Amino acid sequence: MTAKLFVCTTCRAGESVVEGQPVPGRRLYTLLTSQSLPSGLEIIPVECLSACNNGCVIALSASGRWSYVYGRLTEQDAPDILAGAEAYAATPDGLVPWRQRPQIFRKQSLARLPPQEN
C-alpha cells in the first residue's frame, strides 16, 4: 500500500514573494521529487495545507493509518523528510516508534489525525 507525502507548494515560510522565483514550498517539493524515493511512497504537490504560519508544511497519509501534518520545514530537511516518510510507509498503522522518527518529526508535528473507518 502506498503512503502519500503531500507537500504544500505555496508555502512562503515567511519569505517575500519574488516575481519569477519559486517560493520555499515549491523549492522543497522540487528537491524532494529529485531524490530517489523510498519504496511505497508517492509525493503529491498541493496548493495549500492551510498552515500558512508554519510553512513549509507537509502531510503524510495512507489508507487505514494515522495521518500527520508537519511544519517549519526547510530544504535542508529533505533527507529527514524522506527518511521519516519511508519509516511511515513501512508501518501498518502509521505509528512510527518515537526513537525511530527523525528529529523534525518528533518536534515539528502540527497535527495527528486518526485513521478513517473503511
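In what follows, every heavy atom counts, from backbone to side chain, and hydrogens, waters and symmetry copies are set aside. What you see is a predicted model; the values in this text were computed from it and never measured.
Here the closest heavy-atom approach between residue Ala78 and residue Leu31 is recorded as CB-CD2, 3.6 Å. Between Cys56 and Gly25, the closest heavy-atom pair is SG-N, 3.5 Å. Nearest heavy-atom pair, Trp98 versus Arg106, reported as atom, atom and distance to 0.1 Å: O-NE, 3.1 Å. Taking every heavy atom of both residues into account, Ala89 and Gly40 meet most closely at CB-O, 3.7 Å.
Criterion: ILVMFWY side-chain heavy atoms under 4.5 Å apart, direct or through other members. Under it, Val96 and Ile81 are part of a common hydrophobic cluster. Clustering ILVMFWY residues whenever any of their side-chain heavy atoms sit less than 4.5 angstrom apart, transitively, puts Leu41 in a cluster other than the one holding Val57. Note on Ile104 and Leu110: separate hydrophobic clusters, where clusters join Ile, Leu, Val, Met, Phe, Trp and Tyr whose side-chain heavy atoms are under 4.5 Å apart, directly or indirectly. One hydrophobic cluster, built from ILVMFWY side chains closer than 4.5 Å, cannot hold both Leu60 and Val46; they sit in different ones.
Rounding to the nearest 0.5 Å gives a distance of 12.5 Å between OG1 of Thr33 and CD1 of Ile44. Once rounded to the nearest 0.5 Å, the distance linking SG of Cys8 with CG of Leu49 reads 5.0 Å. Here the CG-CD distance, from Asp80 to Gln108, works out to 9.5 Å after rounding to the nearest 0.5 Å. The line from OG of Ser109 to CZ of Arg101 is 8.0 Å long, rounded to the nearest 0.5 Å. The CG atom of Asn54 lies 9.0 Å from the SG atom of Cys11; values are rounded to the nearest 0.5 Å. To the nearest 0.5 Å, atom OH of residue Tyr70 and atom CG of residue Leu5 are 10.5 Å apart.
Side-chain contact between Arg27 and Pro22 is present, with heavy atoms from C-beta onward closer than 4.5 Å. Taking 4.5 Å as the limit, some side-chain heavy atom of Leu32 sits within range of a side-chain heavy atom of Val7. The side-chain heavy atoms of Tyr29 and Ile43, taken from C-beta on, include a pair separated by under 4.5 Å. The closest side-chain heavy-atom distance from Arg65 to Tyr88 is below 4.5 Å. Counting only heavy atoms from C-beta outward, the side chains of Leu28 and Ile58 approach each other to under 4.5 Å. The closest side-chain heavy-atom distance from Phe6 to Val69 is not below 4.5 Å. By the 4.5 Å heavy-atom criterion applied to side chains, Arg12 and Val17 are counted as neighbours. In this structure, the side chains of Tyr68 and Leu95 come closer than 4.5 Å at one or more pairs of heavy atoms.
Side chain of Arg26 to backbone of Thr10: no donor-acceptor contact under 3.5 angstrom is found. Side-chain N or O atoms of Arg72 include none that pairs as donor or acceptor with a backbone N or O of Asn53 at under 3.5 Å.
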